[in-house]
*Asks:* 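The structure that follows is given in the form of structure tokens.
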Amino acid sequence: MLSQRQTPTASMKIATYNINGINGRLPRLLEWLHESEPDVVCLQELKTSDATFPAEALREAGYHAAWRGQRAYNGVAILARHAEPVVTRRGLPGDVADPESRYLEAAVEGVLIACLYLPNGNPQPGPKFDYKLAWFERLITHAQGLLDSGAPVVLAGDFNVVPTDADIYATRSWLDDALLQPESRAAFARLLEQGWTDAVRRLHPTAPIYTYWDYKRNRWQRDAGLRIDHLLLSPSLAQRLKRAEVEKAVRGREGASDHAPVWIELR
DNA sequence: ATGCCAAGCATCGCTTGA
């Protein structure tokens with residue numbers, strides 16, 4: 001008789017969380033890992049160099065980690081509970097001169113996990129917005145290759161795109177923001193059209209769902225949020241999608257990141 | 001048009017984020 005762990009149909013919980021500074025929020029991160037018990041976690045905005053990544057504390061909490069840090073800004077990591085993530089890529093192809101730590105890819109228990117932190121792009125127009133759109137093109141090119149490989153893949157992370165008006169509260173405040181520009185939305189739509197499934201929207205087609213609430217202007221208290229953290233599934237994984245949730249309560253805690261964790265469960 | 005919050009890095013202000 002097979003054990004639960006060896007059964008290929010065993011469920012798998014995969015989360016993405018923009019932690020907004022991993023060292024400053026380490027106690028909150030460990031607390032969340034303990035209560036939520038995700039099998040795989042994609043973290044963004046580590047805001048720490050490779051040398052100061054808290055690998056030891058995470059290991060003690062039961063998580064193996066792969067990371068690509070950067071001093072003060074950006075930085076991404078993949079955590080895994082039962083196995084060491086096997087890193088397949090430490091950057092997005094297409095620009096070897098890109099110095100920003102925004103992409104990390106690893107295989108975990110038969111699933112290819114792509115952890116990404118897409119550039120914010122503000123102010124727009126301007127060089128930062130150009131960088132965002134160029135990064136998006138590189139992602140679209142690479143994502144097509146991942147689909148063509150036929151591997152089970154999750155693209156998880158902070159995409160810095162509000163896909164539609166249903167993914168933001170009723171407001172005009174963000175109309176000039178890079179997160180809502182037609183170019184940003186068109187790029188995200190083109191990515192989906194390759195054959196990816198937006199997991200949260202597949203299971204919650206119409207509900208207002210947000211993953212980020214600005215610290216300013218009482219936006220958390222007003223539930224004035226944006227949905228910008230996404231998990232996109234390749235076709236074989238989309239068939240295994242069982243649940244998809246935003247852990248909204250985590251955002252309301254003392255000293256929380258301005259993002260909430262988002263997770264999916266695969267059967 | 002401006003400040004509003006928060007973190008990091010470096011001082012008591014600047015940069016960046018979204």
Side-chain angles (χ1 to χ4, degrees), chain A residues 16-30 32 42-54 67-77 98-103 115-136 139 156-185 187-188 200 208-230 246 248 250-262:
Chain A
T16 183
Y17 189 13
N18 179 320
I19 191 67
N20 189 13
I22 192 170
N23 283 312
R25 300 189 206 284
L26 187 58
R28 306 330 299 263
L29 175 62
L30 295 174
W32 169 70
C42 294
L43 295 174
Q44 303 86 33
E45 281 211 83
L46 303 178
K47 295 187 174 179
T48 186
S49 62
D50 281 339
T52 48
F53 181 83
W67 63 94
R68 187 178 167 217
Q70 182 181 331
R71 182 176 170 272
Y73 305 111
N74 308 318
V76 284
D98 187 351
E100 303 193 9
S101 296
R102 296 183 174 276
Y103 188 88
C115 174
L116 63 100
Y117 176 42
L118 216 134
N120 167 295
N122 281 307
Q124 74 78 31
K128 293 197 172 184
F129 192 58
D130 295 341
Y131 174 61
K132 175 184 193 140
L133 296 180
W135 206 96
F136 227 136
L139 177 64
D158 178 354
F159 285 71
N160 271 318
V161 177
V162 174
T164 73
D165 290 344
D167 300 306
I168 184 168
Y169 63 104
T171 181
R172 291 192 301 269
S173 306
W174 298 82
L175 288 180
D176 290 330
D177 195 281
L179 278 59
L180 277 77
Q181 291 316 294
E183 296 95 328
S184 307
R185 287 179 161 180
F188 188 77
V200 166
I209 296 175
Y210 312 132
T211 66
Y212 162 82
W213 295 259
D214 199 311
Y215 290 121
K216 298 189 283 286
R217 302 178 176 91
N218 283 316
R219 282 190 170 133
W220 166 249
Q221 288 79 1
R222 293 161 47 213
D223 195 25
L226 287 65
R227 192 174 75 95
I228 57 176
D229 300 274
H230 309 295
V246 176
K248 190 174 172 182
V250 174
R251 171 62 180 84
R253 291 178 183 168
E254 190 78 25
S257 165
D258 41 6
H259 295 248
V262 188

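Note on naming: letters A, B, ... go to the chains in the order of the sequence lines (proteins, then strands), and numbering restarts at 1 for each one.
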*Asks:* Quick one: does any side-chain atom of Arg25(A) pair with a main-chain N or O of Ala256(A) as donor and acceptor, under 3.5 Å?
*Replies:* yes
*Asks:* Asp258(A) CG to dT16(B) C1': how many Å, rounded?
*Replies:*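 Distance check: Asp258(A) CG to dT16(B) C1' gives 12 Å.
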*Asks:* Quick one, Lys128(A) with Asn122(A), criterion side-chain hydrogen bond (donor to acceptor under 3.5 Å, both in side chains). Give me CA distance, side-chain angles, the key distance, then yes/no.
*Replies:* CA-CA 6 Å; Lys128(A) 293 197 172 184; Asn122(A) 281 307; over 6 Å; no
*Asks:* Please give, in whole Å, the distance from dG17(B) P to Gln124(A) CD?
*Replies:*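 Gln124(A) atom CD is separated from dG17(B) atom P by 15 Å.
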*Asks:* Measuring from Arg28(A):CZ to Asn20(A):CG, what's the distance to the nearest 0.5 Å?
*Replies:*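 CG of Asn20(A) is found 14.0 Å from CZ of Arg28(A).
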*Asks:* By the 4.0 Å heavy-atom rule, please label Asn18(A) as base, sugar-phosphate, or nothing.
*Replies:*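 If one applies the 4.0 Å heavy-atom cut-off, Asn18(A) turns out to touch the sugar-phosphate alone, with no base involved.
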*Asks:* Using a heavy-atom cut-off of 4.0 Å across all strands, would you classify Asp158(A) as base, sugar-phosphate, or nothing?
*Replies:* sugar-phosphate
*Asks:* The criterion is ring pair (Phe, Tyr, Trp, His ring centres under 6.0 Å); which residues satisfy it with Phe188(A), sequence neighbours excluded?
*Replies:*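 Ring pair (Phe, Tyr, Trp, His ring centres under 6.0 Å) check on Phe188(A) returns Phe159(A), His230(A).
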*Asks:* Please tell me whether Asp98(A) and Tyr103(A) have a donor and an acceptor in their side chains that are separated by less than 3.5 angstrom.
*Replies:* no
*Asks:* Between dG17(B) atom C1' and Gln70(A) atom CD, what is the distance in whole Å?
*Replies:* 13 Å
*Asks:* Separation of Lys132(A) atom NZ from dT16(B) atom P, in whole Å?
*Replies:*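 Whole-Å distance recorded here is 17 Å.
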*Asks:* Give one of base, sugar-phosphate or nothing for Phe159(A), where a contact means two heavy atoms less than 4.0 Å apart.
*Replies:* nothing
*Asks:* Using a heavy-atom cut-off of under 4.0 Å over every strand shown, decide if Asn122(A) touches base, sugar-phosphate, or nothing.
*Replies:* base
*Asks:* Answer yes if the side chains of Trp174(A) and Tyr169(A) hold a donor-acceptor pair under 3.5 Å, and no otherwise.
*Replies:*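 Per modelled atom types, Trp174(A) and Tyr169(A) side chains form a pair under 3.5 Å.
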*Asks:* Atom CG of Leu179(A) to atom P of dT16(B): distance rounded to whole Å?
*Replies:*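 These atoms are roughly 17 Å apart.
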*Asks:* Counting runs of three or more consecutive pairs, Watson-Crick or G-U wobble, with each distance below 3.5 Å, where are the stems of DNA chain B?
*Replies:* B:5-9 with B:13-17
*Asks:* Is the backbone N or O of Asn74(A) less than 3.5 Å from a side-chain atom of Ser101(A), with the two atoms forming a donor-acceptor pair by type?
*Replies:*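 Pair absent, no side-chain N/O of Ser101(A) close to backbone of Asn74(A).
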*Asks:* How does protein contact run along nucleotides 5-11 of chain B, one letter per nucleotide 5' to 3', with B for base contact, S for sugar-phosphate only, - for none, heavy atoms under 4.0 Å?
*Replies:* BSSSSS-
